[in-house]
> 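Take a look at the following structure, please.
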Amino acid sequence: MTVIHTAARQRITPDSRPPGCPVQSAGMFVIRSDGTATFDRHYHDFDEFWLVAAGTGMVQVGDEQHHITAGDIIFTAAGLDHDVIAVAEELRVFWLSLPPAPGGSGAHLHRTEHDAIKHAVRIVSAGGPR
């Protein structure tokens with residue numbers, strides 16, 4: 001796999017990554033602004049990057065909330081909780097995950113059972129502060 005067709009929901013996984021590809025996973029997720037979006041507060045045992053291709057919204061990384069828009073890059077270090085908490089315009093986000101440390105799970109991890117429950121992503125006005 002040299003090209004990943006994310007519009008067709010393709011992604012890189014440990015089972016599908018090309019030879020020599022150093023990432024754990026990569027792909028795209030969409031957070032709709034129609035009231036149907038859900039997300040879970042989670043962390044990983046690896047570093048992850050999110051590249052916002054389209055839309056606007058709000059994420060929480062650790063204890064800080066950040067307004068995001070197309071062109072932004074979000075970095076979440078291993079062990080740092082992160083979440084999508086609001087959307088104003090449909091978000092299209094590419095993610096790229098680095099390999100976990102030896103013995104790592106490479107999964108979404110949750111500190112509490114409540115964090116594992118997908119919550120509704122709030123809809124907010126697109127004109128909010130940046």
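In this text, all values refer to a predicted model and were calculated from it rather than measured experimentally. Below, each value reflects all heavy atoms present in this structure, side chains not excepted, and no hydrogens, waters or symmetry copies.
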> Quick check for you: to the nearest 0.5 Å, what is the distance between Met58 atom CE and Gln65 atom CD?
5.5 Å
> Side chains of Asp34 and Thr36 only: does a donor on one sit below 3.5 Å from an acceptor on the other?
yes
> Let me see the working for Ile68 and Leu91 under side-chain contact (heavy atoms from CB on, under 4.5 Å), right down to the final yes or no.
CA-CA 9 Å; Ile68 59 170; Leu91 287 168; 4.0 Å; yes
> Quick one: CG on Asp72 to NE2 on His67, what's the gap to the nearest 0.5 Å?
11.5 Å
> What's the separation between atom CZ in Arg17 and atom CD1 in Ile12, rounded to the nearest 0.5 Å?
9.0 Å
> Please check if Ile117 and Leu109 belong to a single hydrophobic cluster, counting links between Ile, Leu, Val, Met, Phe, Trp and Tyr side chain heavy atoms closer than 4.5 Å.
no
> Linking I/L/V/M/F/W/Y whenever any side-chain heavy atoms sit under 4.5 Å apart, do Leu80 and Val93 land together?
yes
> Among residues at least two apart in sequence or on other chains, which ones pass ring pair (Phe, Tyr, Trp, His ring centres under 6.0 Å) with His108?
His42, His44
> Do you know the tightest heavy-atom contact between Glu89 and Val87?
O-CG2, 3.3 Å
> Where is the tightest heavy-atom contact between Gly104 and Pro100, given as atom of each residue plus distance?
CA-CB, 4.0 Å
> Side chains of Asp81 and His110: do they bring a donor and an acceptor to under 3.5 Å?
no
> Look at the side chain of Asp45 and the backbone N and O of Gly106, then say whether any donor-acceptor pair between them is shorter than 3.5 Å.
yes
> Heavy atoms only: give me the nearest Pro22-Pro99 pair and the separation to one decimal.
O-CG, 2.9 Å
> CG/Leu96 to CG/Leu51 distance, rounded to the nearest 0.5 angstrom?
7.5 Å
> Going through the checks in order, is the side chain to side chain donor-acceptor pair (under 3.5 Å) test met by Asp83 and His119?
CA-CA 10 Å; Asp83 196 352; His119 62 82; 2.8 Å; yes
> How close do Ala53 and Phe94 get, counting heavy atoms only, and between which atoms?
CB-CE1, 3.4 Å
> To the nearest 0.5 Å, tell me how far His5 NE2 sits from Gln10 CD.
5.5 Å
> Got a second to check how far Phe39's CZ is from Ile85's CD1, nearest 0.5 Å?
11.5 Å
> Measuring only between side-chain heavy atoms, which start at C-beta, is Thr13 closer than 4.5 Å to Arg11?
yes
> Taking His82 as the fixed residue, which of Phe75, Tyr43, Trp50 is the one that meets the ring-ring contact (aromatic ring centres under 6.0 Å, His included) rule?
Trp50
> Pair up each side-chain donor or acceptor in residues 24-33 with any protein partner under 3.5 Å, not counting sequence neighbours, and list the distances.
unit_1: Ser25; atom_1: OG; unit_2: Trp95; atom_2: NE1; d: 2.9
unit_1: Ser25; atom_1: OG; unit_2: Ser97; atom_2: OG; d: 3.3
unit_1: Arg32; atom_1: NH1; unit_2: Glu90; atom_2: OE1; d: 3.1

